[in-house]
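Before any comments, here is the structure.
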Amino acid sequence: MAGQIGGSFKEKLSPFLKNKLESETSIEIKDVIQIQYIKSPLEEKISQDESDRHYHAEILPEFEGKALKGVERLYHRTILIEPTTACAAHCRWCLRGQYDLLNLSEDDLIHSARYIGSKECHEVREVLITGGDPLMVPDRLNVFIDSLVEYAKQVKIVRIGTRVPLHAPERVHRRLLHALRKRDDLRIELATHINSHHELFPECREAYYKIQEQDIRIYNQSVLLKGLNDNKNALVQIFDNLRDMNIESHYLFHCIPMQGMLHHRTSLNKGVQLIRSIVNSGLISGRCKPMFTAMTDLGKITLYEGVIVERKKDKVLLQTEYLYEERKKWNPNWEANENIVIGKDGRMSVWYLDAND
Amino acid sequence: MYELKDNTYFASELAKAIELTWKNDEVEVERVSKASAPEPNSLILLDEGVRNDLSKTELEHLMSLNDILFLTETSLGTHAHQLISPTPRDHFRKLLAEFFVKKLDPSISPSAILSPDLSLPNNISIGDYSKIDADVLLSEDVIIMNQVTLTGEVTVSKNVIIKTGAVIGNSGFGIRKENGGFMPIPHIGKIVLKNHVIIGNHCCIERPLCSTTTIHQNVVIDDTCHIGSGTSIGKNSSIAAGSILGQDVKIGENVMIEPGVKIASNIKIEKNVTVGMGSVVLNNLSEGKTYAGVPAKEI
């Protein structure tokens, strides 16, 4: 989850992952690192239907006369902020890989917290802090969370999206844990992104445990990646390990049609078949069943029965219950693009690019 | 006093803070490090003075590192990432203060032993087990670290820092022999620490008999120094570690006393003098000159 450097989304491994790649002899472990982080020549193969961004949901350009940076809003109850685009390693399928680089200053973050506490956001209950990886800027994260406590008292839950425990577990130390400390009337949850049990090195497990000791709930969002976890056994291993580590299972994402990412993507159908085979079979605990979900131009759509309503060549039309008028109400800047269809009842559906197996 | 900040910055962000522009590929910077011990993703001061202290091999090695941002006064003529500043040393200090450390909020340790009659100004920090008596006059923005003793009439002006274990205001060496033994004489003088003075760890500043010991503005006294009673140290002077000053020593402005210097009582050192390491000063020293040796002589 990091932006462009010099006009491209560069390959980046953390020293920790580099060391593992060099020192580990297991082919499975090497594959897990190589598939996720090493740039492939196949990334040059770009189809016109692929996107450089997953959606556009930037909020008002300014608040109280000052620029509002890194704030996005797609949903009614939740607002999103990216304090940084920096990450310890670059996941190749990153949905923000093509963003411009951005680092918000402490002043920018305090300004955003004041905006979230303003009447424009009175219905917001949750703040998702993503990026980039917010744990790359723990001191600024600390300032932002403290500012939410001070200025946005209606916010009850803060979620922080991170892969730092996997990329650079040594960064999970006292100062970072201080940023995640418990505040009155505010719950902090951590969203992580584990795609294979092979990447759960002992150091990484230890980092997750240290965070859990702060009374932080951790939940996981995996991405279905071709050749990495697109089989029943790999998925069962992920969810069994999550259960063992007391990490909640949240989404299993279909890999987004970002530019040059076709080689990482399975078909939607394969994802549906796989999710059926693990959740309706007793293969994993009922307490860790994920929701199979696609990230579309409209936002996240979980693939329940009846969601796929039409297919045209390599695209599927996904029906949602999101209402156009509501969306415009809480983000007047938001525009429906050419993939979005607004029904007579105001419900929106969206064309989504499928892939082949 | 300070705690390290833990953030990842972009070179463009640092450049902007010192009013420079960055047009090259971004560099991620997480810490500062020294040219002689470079660390990945760090900012390194590499001005002429630093370069002169490096061997050719060390410099070549530095130039081969692609995850370092160098702060320099001139183009290094390589592909190394470099931020060229007219005042690299000042800018390095500014970036260090703004991005890489944070000043801890002022606080008074619950274990500090403070006289009930002591008046406490705003923004003062007092560390663990420090003892401060009633006649001490404290000012705003003062930092007193752990286990410091301030006793008698001591005036601590704004922005003074007194480091761990310093003892300021105990009686000096004023004793008299009586009936074959030593009898202490009461010391009732004053000590004045003016603005921005720094007193090092485990220094002693004696209380004078009935005069005043004055440490003027911006004086830095390094660790384990002894400052005899009635002494005066002129502004912007520095006394390096382990130096001993007798009674009533008078030191002018901008004087540099190097480590381990001994200065006899009643000596006068005029302004802009430098005294070399380990010297023993037995005579007055004249303005603007450099002295060294035992006894100290002009060099």
Side-chain angles (χ1 to χ4, degrees), chain A residues 1-16 18-19 69-70 82-90 99-109 131-144 146 162 164 167-168 170-180, chain B residues 1-33 37-44 61 64-70 78-83 91 94-107:
Chain A
M1 289 188 278
Q4 296 187 52
I5 296 174
S8 71
F9 184 43
K10 289 202 169 166
E11 181 180 295
K12 182 182 179 188
L13 273 99
S14 61
F16 174 78
K18 202 178 261 181
N19 179 47
K69 299 178 200 164
E82 301 132 14
T84 181
T85 51
C87 283
H90 286 175
Y99 275 36
D100 290 336
L101 287 177
L102 177 76
N103 243 10
L104 300 189
S105 68
E106 289 184 7
D107 284 348
D108 293 334
L109 290 164
D133 197 317
L135 298 194
M136 295 293 282
V137 288
D139 282 287
R140 287 178 166 177
L141 178 65
N142 184 41
V143 168
F144 181 62
D146 283 346
T162 183
V164 156
H167 291 166
E170 74 284 357
R171 286 176 178 267
V172 180
H173 52 48
R174 183 180 60 81
R175 289 200 298 280
L176 184 146
L177 294 172
H178 175 74
L180 300 180
Chain B
M1 263 196 336
Y2 294 103
E3 190 172 77
L4 289 176
K5 273 189 188 174
D6 192 3
N7 288 317
T8 302
Y9 305 106
F10 296 129
S12 57
E13 210 179 341
L14 302 182
K16 193 176 167 195
I18 51 175
E19 293 170 358
L20 298 174
T21 41
W22 182 261
K23 292 178 182 166
N24 306 322
D25 283 2
E26 281 294 3
V27 185
E28 289 180 0
V29 181
E30 298 177 358
R31 56 187 73 84
V32 293
S33 69
E39 292 181 35
N41 298 107
S42 64
L43 172 72
I44 290 180
H61 171 64
S64 71
L65 301 173
N66 62 9
D67 54 0
I68 305 277
L69 179 63
F70 296 104
T78 68
H79 294 299
H81 304 295
Q82 47 202 285
L83 202 49
H91 280 157
K94 185 173 190 296
L95 293 175
L96 182 65
E98 190 171 329
F99 289 90
F100 299 99
V101 296
K102 63 181 166 200
K103 214 173 170 181
L104 296 176
D105 290 337
S107 66

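In the text below, chain A, chain B and the rest are named by the order of the sequence lines, each starting its count at 1.
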So which of A/Asn142, A/Val137, A/Leu176, A/Asp139 has the largest heavy-atom pair count under 4.5 angstrom toward chain B?
A/Asp139
Segment of A/Arg140 engaging chain B (4.5 angstrom heavy-atom cut-off):
both
Options B/Asn7, B/Thr8, B/Asn41, ranked by heavy-atom pairs under 4.5 Å with chain A, top entry:
B/Asn7
If we count only N and O atoms by modelled type, under 3.5 Å, do the side chains of B/Asp6 and A/His173 hold a donor and an acceptor together?
yes
Let me know if A/Leu141 has heavy atoms under 4.5 Å from chain B in its side chain, its backbone, both or neither.
neither
Side-chain ion pair, B/Glu28 and A/Lys12, N-O less than 4.0 Å:
yes
So, B/Lys102 and A/Glu106, do they make that salt bridge, N to O below 4.0 Å?
no
Under 30°, 30 to 60°, or over 60°: which ring-plane class applies to A/Phe9 and A/His90, parallel, tilted or perpendicular?
parallel
